[in-house]
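Shown next, in structure tokens, is the structure this report addresses.
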Amino acid sequence: MVLIERDSFASKLGIIAAAAGSAIGLGNIWKFPYIVGENGGGAFLIVYLFCIAIIGLPVMLSEFLIGRKAQKNAIGAFKSIKPGSPWYLTGIAGVASAFIILSFYSVVAGWVFSYISRSVTGTLIKVAPDQLGGYFDGLISGVVEPIFWQFIVMFLTAFIIVRGIKEGIEKYSKILMPILLGLLVVLMIRSVTLEGASKGLEFLFKPDFSSLKATGVLEALGHAFFSLSLGMGTMITYGSYIKKDENLGTTALQVTIADTAIALMAGIVIFPAVFAYGFPTDSGPSLIFITLPAVFQSMPLGGFFQALFFILVGIASLTSTISILEVVVAFFTEEFNIPRKKATILIAGIIFIIGIPSALSFGALSEFKIFGKTYFDIFDFTASNVLLPLGGLLISLFVGWAWGIKQALKEATNEGTVRLPLSGAYGFITKYLAPVGISIILLYATGILSR
Ligand code: PHE
């Protein structure tokens with residue numbers, strides 16, 4: 001048998017670009033602004049930042065540690081660190097989440113790609129502001145278009161994943177992420193220099209705790225997991241491609257800061273513009289598809305900035321979809337010895353098919369409901385509010401109690417050669433605070449406990 005060396009990231013910058021690329025996605029640019037808007041602005045932001053720092057960052061470190069220690073995929077890693085124990089079920093839940101999340105994530109990413117084509121060709125900018133709602137509904141309630149664009153997203157994702165880690169994920173992330181940052185800065189300057197922009201900044205940064213509800217707190221934690229790509233083994237998988245001499249504490253910190261900074265920048269692009277032109281902040285998931293195009297129409301050079309914006313969101317979503325597909329592909333190639341190309345095409349195809357009902361959830365299948373939710377909503381709810389937090393809980397328990405903080409710290413300090421600041425806090429959070437905190441959220445989110 002020929003032993004092929006396991007693929008890995010080649011450079012520090014590549015690791016950051018890939019992991020930050022995974023974290024930064026629709027969660028930051030599509031979801032974050034609209035949930036901030038729905039939850040009243042600044043106060044929600046503070047709770048969210050708290051969740052990111054106290055729970056998100058330590059869980060990210062834990063995932064990196066598990067992955068790099070084991071040098072294995074999200075399921076194999078648990079088997080390798082604790083052989084013969086049922087902990088690998090955590091990885092199985094993760095791979096299942098990856099299937100589910102990618103199946104609906106690719107639908108929303110598909111809408112974005114459709115909007116890229118509509119804004120680059122100049123059709124979107126010609127739609128009258130009061131028609132934009134119907135225009136968006138027309139897209140998402142169709143049959144051919146949502147499925148076509150979802151297919152394009154899965155195709156592009158598979159195209160990158162087939163190429164592996166260095167030549168695929170790392171190479172493309174290193175090109176795409178700086179473009180994303182550049183575009184975001186341009187848009188941010190445009191937005192904050194609009195007349196009346198300061199009201200938007202005030203909304204985002206001035207906390208009004210009276211507008212924050214208990215559900216908002218729960219949503220903040222769930223979103224911290226989603227946004228940092230935690231709880232399903234993405235960072236375990238990426239961690240397994242990181243070399244033994246990298247400082248994982250620093251890496252986790254940098255990725256967390258990058259993800260949070262981009263979410264804030266997206267907020268700084270969106271809210272000043274929304275306020276400057278007098279649009280509502282709480283329009284929900286349609287914020288970037290209906291409200292923003294209306295904003296762009298009222299803006300000088302709006303068509304140009306609109307195209308830039310959707311290209312940016314498209315890039316961000318693609319560096320996330322690849323990270324989700326990689327979780328599954330890594331598992332199938334390593335555990336079943338299936339060649340990478342074959343595994344990628346097969347799995348991307350299956351996820352595309354599973355996603356079709358989600359793509360049709362706003363039209364042909366909008367009446368098909370289980371527990372009052374469409375396919376799309378069920379997938380979104382189960383993954384974001386149940387599976388990811390559950391994954392984060394199990395990962396913390398695994399590191400805190402099964403593998404052990406002492407062993408984890410050996411990996412974090414590269415066998416004592418680098419320092420992990422606040423390692424005591426990391427241990428306490430991982431053993432106690434994260435499991436208890438996440439359990440409470442989970443019980444609320446699933447309705448087992450009610451307000
Ligand atoms: N973090 C990504 C985003 O913000 C989504 C994601 C979730 C990616 C879970 C991987 C795993 O869009």
Side-chain angles (χ1 to χ4, degrees), residues 6-30 32 52 56-57 59-61 63-65 67-68 71 74 98 102 105 109 112 153 156-188 226-230 232-266 308 311-327 329-330 340 344:
R6 203 166 181 275
D7 204 354
S8 67
F9 291 121
S11 69
K12 173 101 191 148
L13 187 70
I15 298 167
I16 303 287
S22 167
I24 297 163
L26 293 171
N28 304 59
I29 305 171
W30 168 64
F32 174 77
I52 289 278
L57 175 60
V59 172
M60 183 178 297
L61 177 58
E63 288 206 23
F64 278 153
L65 295 176
R68 193 181 60 176
Q71 301 284 303
L102 192 48
Y105 198 93
V112 172
V153 169
L156 291 172
T157 306
F159 176 87
I160 298 175
I161 287 301
V162 164
R163 283 159 179 71
I165 310 308
K166 271 190 215 70
E167 293 300 318
I169 296 175
E170 178 167 357
K171 187 169 145 196
Y172 284 89
S173 301
K174 264 164 67 180
I175 302 170
L176 294 176
M177 291 312 284
I179 300 179
L180 179 140
L181 191 66
L183 292 181
L184 210 48
V185 169
V186 172
L187 286 170
M188 210 165 67
F226 187 84
S227 188
L228 291 174
S229 304
L230 300 176
M232 57 166 247
T234 311
M235 296 303 177
I236 295 180
T237 309
Y238 275 18
S240 76
Y241 303 131
I242 299 179
K243 301 222 167 83
K244 287 286 183 189
D245 57 357
E246 292 291 344
N247 185 333
L248 291 180
T250 321
T251 308
L253 183 66
Q254 286 165 338
V255 173
T256 304
I257 291 176
D259 184 65
T260 311
I262 297 285
L264 287 174
M265 286 169 78
L308 276 193
I311 290 172
L312 164 111
V313 187
I315 290 174
S317 62
L318 215 53
T319 50
S320 296
T321 55
I322 58 176
S323 75
I324 309 176
L325 186 58
E326 179 61 23
V327 171
V329 168
R340 189 169 180 90
T344 305

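Every value quoted in this text rests on a predicted model; they were computed, and no experiment measured them.
Between Y105 and F226, the ring planes are tilted. Angles from 30° to 60° get that label.
Between the CG atom of L248 and the NZ atom of K243 there is a distance of 13.0 Å, given to the nearest 0.5 Å. The CG atom of L308 lies 11.5 Å from the CD1 atom of I179; values are rounded to the nearest 0.5 Å. Note: I161 CD1 to T321 OG1 = 8.0 Å, rounded to the nearest 0.5 Å. With rounding to the nearest 0.5 Å, the separation of CG in D259 from CG in L230 is 9.0 Å. The structure places CD1 of I257 at 11.5 Å from CG of L264, a figure rounded to the nearest 0.5 Å. Rounding to the nearest 0.5 Å gives a distance of 8.5 Å between CZ of F32 and OG1 of T260.
Between I242 and F9 the shortest side-chain heavy-atom distance falls below 4.5 Å. With contacts defined as side-chain heavy-atom distances shorter than 4.5 Å, the pair E326/Y241 qualifies. Counting only heavy atoms from C-beta outward, the side chains of I52 and L57 never approach each other to under 4.5 Å. K171 places none of its side-chain heavy atoms less than 4.5 Å from the side chain of I160. Taking 4.5 Å as the limit, some side-chain heavy atom of L181 sits within range of a side-chain heavy atom of M265. In this structure the side chain of I24 never reaches within 4.5 angstrom of the side chain of T319, judged on heavy atoms. For the pair K174 and S11, the minimum side-chain heavy-atom distance is below 4.5 Å.
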I'd like to know whether I169 forms a side-chain contact (heavy atoms from CB on, under 4.5 Å) with Y238, so could you lay out the CA-CA distance, the side-chain angles of the two residues, the decisive distance to 0.1 Å, and finally the verdict. CA-CA 10 Å; I169 296 175; Y238 275 18; 3.4 Å; yes
Given S22 and S229, is the side chain to side chain donor-acceptor pair (under 3.5 Å) satisfied, shown in steps? CA-CA 7 Å; S22 167; S229 304; 2.9 Å; yes
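Contact detail for A20 and A258: the closest heavy-atom pair is CB-CB, 4.2 Å. A98 approaches I324 most closely through the heavy-atom pair O-CG2, 3.5 Å. Across all their heavy atoms, A17 and M177 have their closest contact at O-CG, 3.6 Å. Pairing each heavy atom of E63 with each of T234, the nearest pair is OE1-N, 3.8 Å. Minimum interatomic distance between S317 and A109 (heavy atoms only, all atoms of both residues): OG-CB, 3.8 Å. L180 approaches L312 most closely through the heavy-atom pair O-CD1, 3.1 Å.
With sequence neighbours excluded, the residues satisfying side-chain contact (heavy atoms from CB on, under 4.5 Å) with Q254 are K12, I16, T250.
Distance alone, capped at 3.5 Å, is enough to place a donor-acceptor pair between the R68 side chain and the K244 backbone. In this structure a side-chain-to-backbone donor-acceptor pair under 3.5 Å is missing from R340 to V329. In this structure, S323 contributes its side chain and S320 its backbone to a donor-acceptor pair below 3.5 Å. In this structure a side-chain-to-backbone donor-acceptor pair under 3.5 Å is missing from N28 to I262.
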